[in-house]
Amino acid sequence: MKFDHASGDSYPGPPHHPLWGHIPILLELLKEVPTRVASLYYADLIREKYNLGDVFYFDLWPVGMQFMMIVDPDVTNQLIVKDSIPKNSILKLFMGFLVGSPNNLLSGDGHGWAKLRRVFNPGFSSGQLNTLIPSMIEESKVFCGILEDHARKQDVFRLEEAATLLTIDVIGRAILDTRLESQVTKNELATAITNQVAWIPQARPNRPWEIFNPLFLIMMWRNNRKMDSYISKVLEERFSTRESRTRVKNVMDLALEAYLAEQGTNSKGAVTMDPQFKKDAICQVKTFMFAGHDTVSGTLCYAWYLLDKNPDKLAKIRAEHDEIFGPDPENASEIIKTRTNILNKLEYTLAVLKETLRLFPPASTVREGHKDLFIADPQTGASLPTENFAVSPTTIGMHRHPKHFPNPHAFIPERFLSTNGSPSESSNPAYLPFSKGPRICIGQELALIEMKIILAMTVRKYDFHATFASGDLDQLKEDGTYWPNDTSGIQEVYGDEAYQVMLGSAKPREGMPVRVSLRKSE
Ligand code: HEM
């Protein structure tokens, strides 16, 4: 059975128009929220507004997609852990534009994906990640220098832009063992990556036609060519020097070893890389570069933002760092470098990151429904069809659901501490910022290590104050970035002006404009 547009009212969801489906509902909603708000919020906002159950349809045909929205952890578990149904075709299309092929680790499926995952898993093992710590620290020091410049100038700047270049530099070290230095100079690869992200249609399900903009296709192609040529040179150079190298191996070196082991060969004596491996490798490097930078930069911006808004939590994280690294913030990086395990002691810092990811998850999965897949409605037990639907377990919808997280819109890192025998919310089945099951984020540990280091190197040194005042945003107008400088109309979601917008992943509105100052002594 297929969802019948004309009889949509017989399925769970907001009132359904026989001709226009849920388009009128979306138009109503858009009057009540900021126009650019990330579509990831829709499920929760609609569920709340129409008092819906935890699985419902949202039908934007013919101008957009037909969704099955899911904010139920058990149904989600069935789809992404037990059955792990394929990724949605729109994601494949989108990733195909972004990195040149849909057969990448993020949007691929089946045997092709399983092989890639096997080949890349060794590059993300704990032992391998520990070897990356010195380079993360080195790049974070450059970032601190940039913050200090801003603190001296007392100017307003987009924190997300600065954090993006930091995370591109970190991921460049992790994946390619190359210093891109995009924080201090214009790097070709970093420029192509940020330009590619800026050209992505705003991923609003109500604007599918944006991908038909001919300029969009040209820019995607052009940026891919630039990225391919840069990455190809780095990979060839790594390959030709592999036998003389005693230094740390990077993710791609380990992937090449795993690939050759699977082929039953070794590359000893070979002067050029296996062309098939190289082609696949370039596509995967791009996937890692995209998936591994803005998810982290956005989360960091929200962590600084939430700590500033919650001075008692800021005091707690600072106290933890004082206790673990001693009173001088300048010593933290050396201590981490020599005793990497010390990062495991940062329990409150980890809780801050987890709570930040609960409130502002940068990504969510979208899967493909099919004719044999039906879902039992958790409220009524009715069997619901999935064919032709984008099956969307929406992370933010679960993370902000009062049933799963009491006082859901408040920043309470303590939820993620196991105190007085009560378990932490880390094991709450409704908590899934990195997704779950076989398609769980491969970069989860890398991201957490990186973010702990950056927080350890910044929260005791600087105060961050976000500002969305129109006067401050005016100063950033025409700063050469792609943020819209949008101040008109409603500018809050859940009473918060720093809501997420879609730009690649979900990111802080306007790139989180801030003033940074050197920390005032208390
Ligand atoms: C705060 C940081 C991060 C968050 C919240 C996050 C979140 C996610 C989520 C929700 C997925 C599942 C997406 C889907 O099913 O469509 C995912 C997958 C993935 N992530 Fe991350 N991610 C983060 C950092 C990273 C980093 C640092 C890397 C890179 C090195 C990375 C690489 C990937 C890849 C390659 C996949 C696809 C894995 C697969 O399907 O086998 N992510 N991530």
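The structure presented is a predicted model; accordingly, all values stated were derived computationally and were not measured. Remember, it's 1-based here, ligands and their atoms both numbered in the order they're listed.
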Peer 1: Look at atom 24 (C) of ligand 1 and say which protein heavy atom is nearest, naming residue and atom and giving the distance to 0.1 Å.
Peer 2: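 The closest one turns out to be T295 OG1, 3.4 Å.
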Peer 1: Which heavy atom of the protein is the closest neighbour of atom 29 (C) of ligand 1, given with residue, atom name and distance?
Peer 2: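 Of the protein heavy atoms, G292 CA, 3.7 Å lies nearest.
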Peer 1: Please tell me if the side chains of M502 and S39 come closer than 4.5 Å, counting only heavy atoms from C-beta onward.
Peer 2: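 Side chain of M502 against side chain of S39, heavy atoms only: contact under 4.5 Å found.
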Peer 1: Counting only heavy atoms not in E347, do more than 12 fall under 6.0 Å of its CD?
Peer 2: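 It does not: E347 CD has 12 such atoms or fewer within range.
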Peer 1: One residue to check: E450. Relative to ligand 1, which of side chain, backbone, both or neither has a non-hydrogen atom less than 4.0 Å away?
Peer 2: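 For E450, there is no contact with ligand 1 at all, from either part.
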Peer 1: Is the gap between the ring centers of F67 and F58 under 6.0 Å?
Peer 2: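 Between F67 and F58, the centre distance exceeds or equals 6.0 Å.
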Peer 1: May I ask you to check whether T365 has an N/O atom sitting below 3.5 Å from an N/O atom of ligand 1?
Peer 2: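 Between T365 and ligand 1 (N or O atoms, distance only) the closest approach is under 3.5 Å.
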Peer 1: With heavy atoms only and a cut-off of under 4.0 Å, state how P362 meets ligand 1: side chain, backbone, both or neither.
Peer 2: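 Side chain only; the backbone of P362 stays clear of ligand 1.
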Peer 1: Check I171 against ligand 1 and report side chain, backbone, both or neither, counting heavy atoms closer than 4.0 Å.
Peer 2: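 Only the side chain of I171 comes within reach of ligand 1.
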Peer 1: Angle class for the F97/F216 ring planes (parallel below 30°, perpendicular above 60°, tilted otherwise)?
Peer 2: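 If you compare the ring of F97 with that of F216, the planes turn out perpendicular.
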Peer 1: With heavy atoms only and a cut-off of under 4.0 Å, state how C441 meets ligand 1: side chain, backbone, both or neither.
Peer 2: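 C441 to ligand 1: contacts from backbone and side chain alike.
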Peer 1: Please state which option from F360, F434, F124 has its nearest heavy atom closest to atom 30 (C) of ligand 1.
Peer 2: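 Considering heavy atoms of F360, F434, F124, the nearest to atom 30 (C) of ligand 1 sits in F124.
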Peer 1: Give the residue, atom name and distance (to 0.1 Å) of the protein heavy atom nearest atom 19 (C) of ligand 1.
Peer 2: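 The closest one turns out to be L106 CD1, 3.6 Å.
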Peer 1: Taking the six-membered ring for Trp and the full ring for Phe, Tyr or His, determine whether the centres of F360 and F411 are under 6.0 Å apart.
Peer 2: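 Ring centres of F411 and F360 not closer than 6.0 Å.
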Peer 1: Are any of the heavy atoms in W113 under 4.0 Å away from ligand 1?
Peer 2: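 Flag set, W113 near ligand 1.
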Peer 1: List ligand 1 atoms under 4.0 Å from T299, heavy atoms only on the residue side.
Peer 2: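 Listed by number with element: 1 (C).
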Peer 1: Test D109 against every option in K92, R117, K87, K115 by the salt bridge (charged side-chain N to carboxylate O under 4.0 Å, His left out) rule and name the one that passes.
Peer 2: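 Answer after filtering K92, R117, K87, K115: K92.
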Peer 1: Does the side chain of M252 come within less than 4.5 Å of R238's, by heavy atoms?
Peer 2: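 A side-chain contact under 4.5 Å is absent here.
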Peer 1: Considering non-hydrogen atoms of the protein only, which is the closest contact for atom 32 (C) of ligand 1, and what is the distance?
Peer 2: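 Of every protein heavy atom, A291 CB, 3.5 Å lies nearest to atom 32 (C) of ligand 1.
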Peer 1: Given the rule in the ring-ring contact (aromatic ring centres under 6.0 Å, His included) test, do Y41 and Y499 qualify, once you have shown the distances and angles that lead to the verdict?
Peer 2: CA-CA 10 Å; Y41 285 93; Y499 58 85; 7.3 Å; no
Peer 1: Pull out every atom of ligand 1 sitting under 4.0 Å from any heavy atom of L105, numbered as shown with elements.
Peer 2: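 Within the 4.0 Å cut-off of L105, ligand 1 contributes 35 (C), 37 (C), 39 (C), 40 (O), 41 (O).
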Peer 1: Pick, from H293, K87, Q444, the option with the minimum heavy-atom distance to atom 13 (C) of ligand 1.
Peer 2: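 It is K87 that holds the nearest heavy atom.
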Peer 1: Just checking F143 against W304, ring centres under 6.0 Å apart?
Peer 2: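 Judged by ring-centre distance (under 6.0 Å), F143 and W304 do meet the cut-off.
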Peer 1: Taking 4.0 angstrom as the limit, do K286 and D228 come out as a salt bridge?
Peer 2: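 D228 and K286: salt-bridged.
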Peer 1: Would you say the side chain of I80 lies within less than 4.5 Å of the side chain of S435, judging by non-hydrogen atoms?
Peer 2: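 They are in contact (side-chain heavy atoms under 4.5 Å apart), so the answer is yes.
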Peer 1: How close does the nearest protein non-hydrogen atom get to atom 40 (O) of ligand 1, and which residue and atom is it?
Peer 2: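 Atom 40 (O) of ligand 1 sits closest to the protein heavy atom R439 NE, 2.8 Å.
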Peer 1: Can you tell me which residue and heavy atom of the protein come closest to atom 38 (C) of ligand 1, and the distance to 0.1 Å?
Peer 2: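 Nearest protein contact, heavy atoms only, for atom 38 (C) of ligand 1 is R117 NH1, 3.4 Å.
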Peer 1: Could you tell me, atom by atom, which parts of ligand 1 come under 4.0 Å of a heavy atom of G443?
Peer 2: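 The list of qualifying atoms is 26 (C), 27 (C), 28 (C), 31 (C).
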Peer 1: Look only at interatomic distance and state if L446 has a nitrogen or oxygen under 3.5 Å from any nitrogen or oxygen of ligand 1.
Peer 2: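 No; every N/O pair is 3.5 Å or more apart.
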Peer 1: Nearest to atom 34 (C) of ligand 1, what protein heavy atom do you find, and at what distance?
Peer 2: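 Going atom by atom, the protein heavy atom closest to atom 34 (C) of ligand 1 ends up being I442 CG2, 3.8 Å.
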Peer 1: Which residue and non-hydrogen atom of the protein lie closest to atom 7 (C) of ligand 1, and at what distance in Å?
Peer 2: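 The closest heavy atom on the protein side is P433 O, 3.5 Å.
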Peer 1: Give the ring-plane orientation class for Y305 versus Y302, where under 30° counts as parallel, over 60° as perpendicular and anything between as tilted.
Peer 2: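 Rings of Y305 and Y302: perpendicular, as their planes differ by over 60°.
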